[in-house]
Amino acid sequence: MLDLILLGLHFLLCFLIALVIWHQHKEVSLPRSSTGTAEIDPDGLILIGKEDDIKKSQRATAKVSGRELVIFYHKGKFHALDSRCYQANDYLFLSFFFLQDINGQACIVCPWHKYRITLETGEGLYEGINPLEPSPIPQWKSKGVKQRIHKVTVHNNNIYVNPPDLSVSFDSDYFADKYKNGGDLSVRK
C-alpha cells in the first residue's frame, strides 16, 4: 500500500514539474495570413517572425505549406522541425519538451516516450551497447533521420525557413501529411 502512495506522489510531482516547465516557455504567436500560411518573400523563403521575439520565447510555431513547424532558439542557433513527433501524432514539441545535449548535439527529448531527436539533423538517437565487447559500455547511436528539419535563415532581424523539399521522405511526414490542412492543427500553448 505504501508503494502505491509513493508511486502516486511520484507521478504528481512529475506532473507538477512538467507544468512549471511548460509555463516557463511561453510560445510566440506568429501572425498568419487569411489562408493559414506564412508569408513568402521573393526569394521563395517563408517569413516566420521576428528574430528578437523568437529569441525571447525560445520557440515559436508556424504553418508552412500546410505543415505545423516549431522553431527553437537554443545556444545561439535557430532550428526548425515538423511539430508532430515521428513516432506518434502528438504535439511533442509544442507541449512538454526537454532539450538535452548529447555528445555535443542539441536534442529534443519526448517526455512521454523519451525519444531523442537532434535539432540539427532530425536524427533519432538511442543508447545501445555492443554485447560482443568484453565490458559493454552504453553509447549513443543513430536510428537515422526520423524528423523533417527545415533550413532557417536570419536576415534583417527576420526569421525565414525554406519550403520543405518533399522529394525525400522522413518518418515525421506521415503525421504532418495526415493533419495537413485539416484535422487537429490547433496550436497548443
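Considering OG1 of Thr121 and CG of Leu81, their distance stands at 9.0 Å, rounded to 0.5 Å. From Asn130, atom CG reaches atom CD1 of Ile137 across 11.0 Å, with rounding to the nearest 0.5 Å. Atom CD of Glu51 is separated from atom OH of Tyr73 by 7.5 Å, given to the nearest 0.5 angstrom. Taking CD1 of Ile149 as the start and OG1 of Thr118 as the end, the distance is 7.0 Å to the nearest 0.5 Å. The CG atom of Asp52 sits 4.0 Å away from atom CG of Asn157, with the distance rounded to the nearest 0.5 Å. With rounding to the nearest 0.5 Å, the separation of CD1 in Ile108 from CZ in Arg59 is 8.5 Å.
Grouping the Ile, Leu, Val, Met, Phe, Trp and Tyr side chains by contacts below 4.5 angstrom, directly or via other members, places Leu166 apart from Val145.
The heavy-atom pair separating Leu125 from Ser142 by the smallest distance is CD2-CA, 4.0 Å. The shortest non-hydrogen separation linking Ala106 to Asp101 is CA-OD1, 3.3 Å. Nearest heavy-atom pair, Val64 versus Pro164, reported as atom, atom and distance to 0.1 Å: CG1-CD, 4.2 Å. Of all the heavy atoms in Tyr126 and Lys143, the pair that sits closest is CD2-CG, 3.6 Å.
No side-chain heavy atom of Val70 sits less than 4.5 Å from a side-chain heavy atom of His79. Side chains of Leu99 and Leu119 form a contact here, defined as non-hydrogen atoms less than 4.5 Å apart. Residues Pro138 and Ile129 are in side-chain contact: their nearest non-hydrogen atoms beyond the backbone lie under 4.5 Å apart. Residues His150 and Leu69 meet the side-chain proximity criterion, which asks for heavy atoms closer than 4.5 Å.
Within the structure, the salt bridge (charged side-chain N to carboxylate O under 4.0 Å, His left out) test picks out the following pairs touching residues 147-171 (sequence neighbours left out): Lys146-Asp171, Arg148-Asp173. Residue pairs that meet the salt bridge (charged side-chain N to carboxylate O under 4.0 Å, His left out) test with at least one member in residues 115-134, sequence neighbours left out, are Lys77-Glu120.
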Handout entry: Residues Ile54, Ile48; criterion side chain to side chain contact (heavy atoms under 4.5 Å, CB included); working and verdict
Key = CA-CA 9 Å; Ile54 299 172; Ile48 299 299; 4.2 Å; yes
Handout entry: Verdict with reasoning, Ile71 to Thr61, per side chain to side chain contact (heavy atoms under 4.5 Å, CB included)
Key = CA-CA 6 Å; Ile71 298 88; Thr61 59; 6.0 Å; no
Practice task
Show your working on side chain to side chain contact (heavy atoms under 4.5 Å, CB included) between Gln105 and Trp140 and close with a plain yes or no.
Solution key: CA-CA 11 Å; Gln105 298 182 83; Trp140 289 102; over 6 Å; no
Handout entry: Working for side chain to side chain contact (heavy atoms under 4.5 Å, CB included), residues Asn162 and Leu45
Key = CA-CA 5 Å; Asn162 287 10; Leu45 298 176; 2.6 Å; yes
